[in-house]
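Okay, structure first, notes after.
These figures come from a predicted structure and were not determined experimentally.
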Amino acid sequence: MLVAERYEMIVQLVNEKGSIRVSELSELCKVTEETIRRDLDRLEQAGRLRRSHGGAVSVKNEQPETPYAVREIMNAEEKRRIAEEAVKLIEPHDRILLDASTTAWYMASSLPDIPLTILTNSIRVATELAGKEKIEVISTGGQLLQRSLSFVGPLAERSLETYYVDKLFFSSQGVHLDRGISESNELQARLKQKMVSIADRVILLADASKFGQQAFTHVVNLSQVSEIITDSRLTDPMRSQLAELAIPVTVV
């Protein structure tokens, strides 16, 4: 098989499966895993797929992550109200995890200066909290995503394995009753999966525009969420369906 033919075969397999591991590609293409890794690097540079931990994922249907500056002004008033309600759940000496959502940043800006430990993968959140002397801030580090000003990737994921937190406050691109919570970016999704796994209480901050939406990458099922804070635009049918799932919902 010529190299060009192998490239086409790899892209076809990745697009058909959505994601695939290096070991499987090595077996199907009958070349070493080292060769496959080099192939994946070249195909990623060409924009035909994206490397993931141990393999590759398709970019065929992937939605680009919305830049932070754009998200900051989308449904801003609703996000501020949600953030203010979320702050009411925080008590002195809590260990808190905030994601890189704009709603988490609104939370950081409205937090009182009380004794807290806050872990975050967000540059904006960490900077906002820098002036609050009683709050200890821990950043994950990792690969910087410029569009969201957030740290992701294996280093960020490993850093979270060191901690347990009382409460996670996070948002997402999509909240679907059947398919759960989703993100446009696989790296963001993987990190949020890790966030959920280390939190005693998982609080989803989602304005009403997120409901019924399904982004590219699955994060977690709604059953893994402790409660939801949203805004008054949430439809009555959606409220009823969430009640059937026994998920507490606060509407602001």
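A distance-only check finds a donor-acceptor pair linking the side chain of Asp113 to the backbone of Lys134 [under 3.5 Å]. Judged by distance alone, the side chain of Asn121 and the main-chain N or O of Phe151 form a donor-acceptor pair under 3.5 Å. Distance alone, capped at 3.5 Å, places no donor-acceptor pair between the Thr117 side chain and the Glu136 backbone. Not one N or O on the side chain of Asn15 forms a donor-acceptor pair closer than 3.5 Å with the backbone of Gln12. A donor-acceptor distance shorter than 3.5 angstrom exists from the side chain of Glu5 to the backbone of Leu2, with no hydrogens or angles considered. With Lys192 contributing its side chain and Ser171 its backbone, the two residues share a donor-acceptor pair below 3.5 Å. Side-chain atoms of Asn221 never come within 3.5 Å of backbone atoms of Ser223 as a donor-acceptor pair (strictly under, hydrogens ignored). Checking side-chain atoms of Gln193 against main-chain N and O of Val219 turns up a donor-acceptor pair under 3.5 Å. Proximity of a side-chain donor or acceptor of Ser26 to a complementary backbone N or O of Val31 within less than 3.5 Å is detected. Between the side chain of His176 and the backbone N or O of Phe211 there is no donor-acceptor pair closer than 3.5 Å.
Between Glu128 and Arg124, no side-chain nitrogen of the basic residue sits less than 4.0 Å from a carboxylate oxygen of the acidic one, so the salt-bridge criterion is not met. Comment: Lys79 does not engage Asp231 in a salt bridge, judged by the lack of any side-chain N to carboxylate O separation of less than 4.0 angstrom. Here Arg51 pairs with Asp41 in a salt bridge; the nearest charged N to carboxylate O distance falls below 4.0 Å. Salt bridge Asp166/Arg201: absent, no basic N to carboxylate O contact under 4.0 Å.
In the model, Gln173 has no side-chain atom that pairs as donor or acceptor with a side-chain atom of Ser182 under 3.5 Å. Side-chain polar atoms of Thr250 and Glu85 form no donor-acceptor pair below 3.5 angstrom.
Taking the side chain as every heavy atom from C-beta outward, Leu111 and Ile118 approach each other to under 4.5 Å. Contact annotation: the side chain of Ile203 never approaches that of Phe170 to less than 4.5 Å [non-hydrogen atoms, C-beta and beyond]. Put simply, the side chain of Arg179 does not reach to within 4.5 Å of the side chain of His218, judged on heavy atoms. The side-chain heavy atoms of Leu222 and Ile181, taken from C-beta on, include a pair separated by under 4.5 Å. Annotation: side chain of Val252 is not in contact with side chain of Glu78 (no heavy-atom distance under 4.5 Å). Lys132 is not listed as a side-chain neighbour of Leu116, based on a closest heavy-atom distance of 4.5 Å or more. You'll find the side chain of Glu24 stays beyond 4.5 Å of the side chain of Glu27, heavy atoms only. Side-chain contact check for Ile10 versus Val14: some heavy-atom pair is nearer than 4.5 Å.
The two residues Asp200 and Ser226 come nearest to each other via the heavy atoms O-OG, 4.4 Å. In terms of heavy atoms, Ser159 sits closest to Ala156 at OG-O, 2.7 Å. In terms of heavy atoms, Leu98 sits closest to Met195 at O-CE, 4.4 Å. Taking both residues in full, the closest heavy atoms of Arg239 and Val251 are given as NH2-CG1, 3.8 Å, listed atom of the first, atom of the second, then distance. The nearest pair of heavy atoms linking Val175 to Leu204 is CG2-CD2, 3.9 Å. Nearest approach of Ile135 to Ile114, heavy atoms of both residues: CG1-O, 3.3 Å.
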**Request:** Could you walk me through whether Asn185 and Thr217 pass the side chain to side chain contact (heavy atoms under 4.5 Å, CB included) test, one step at a time?
**Result:** CA-CA 7 Å; Asn185 182 290; Thr217 307; over 6 Å; no
**Asked** Does the side chain to side chain contact (heavy atoms under 4.5 Å, CB included) test come out yes or no for Ile36 and Leu40, once each step is laid out?
**Response** CA-CA 6 Å; Ile36 291 295; Leu40 295 181; 4.0 Å; yes
**Stepwise side chain to side chain contact (heavy atoms under 4.5 Å, CB included) check, Val137 with Leu119** = CA-CA 6 Å; Val137 181; Leu119 177 60; over 6 Å; no
**salt bridge (Lys or Arg N to Asp or Glu O under 4.0 Å) between Arg37 and Glu33, intermediate numbers included** = CA-CA 6 Å; Arg37 290 189 186 94; Glu33 293 188 7; 3.3 Å; yes
**Request:** Dump the intermediate steps for side chain to side chain contact (heavy atoms under 4.5 Å, CB included) on Phe169 and Met107, then the final yes or no.
**Result:** CA-CA 9 Å; Phe169 296 90; Met107 278 188 70; 3.8 Å; yes
**Request:** Before giving the answer on salt bridge (Lys or Arg N to Asp or Glu O under 4.0 Å), spell out for Asp207 and Arg233 the whole-Å C-alpha distance, their side-chain angles and the decisive distance to 0.1 Å.
**Result:** CA-CA 8 Å; Asp207 69 79; Arg233 297 173 303 158; 3.3 Å; yes
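Hydrophobic clustering keeps Leu155 apart from Ile198 (ILVMFWY residues linked when any side-chain heavy atoms are closer than 4.5 Å, directly or through intermediates).
With respect to Arg6, the side-chain contact (heavy atoms from CB on, under 4.5 Å) criterion is satisfied by exactly one of Val11, Leu25, Thr35, Leu28: Thr35.
Considering OG1 of Thr140 and OH of Tyr163, their distance stands at 9.5 Å, rounded to 0.5 Å. Ser150 OG to Gln188 CD: the interatomic distance, rounded to the nearest 0.5 Å, is 4.0 Å. Note: Leu205 CG to Glu227 CD = 9.5 Å, rounded to the nearest 0.5 Å. In this structure, OG in Ser58 is found 9.5 Å from CZ in Arg50, a value given to the nearest 0.5 Å. The CG atom of Leu129 lies 9.0 Å from the OG atom of Ser122; values are rounded to the nearest 0.5 Å. Note that the CZ atom of Arg48 and the CG atom of Leu43 stand 6.5 Å from one another [nearest 0.5 Å].
Counting heavy-atom neighbours within 6.0 Å of Glu34 CD, excluding the residue itself, gives a total of 12 or less.
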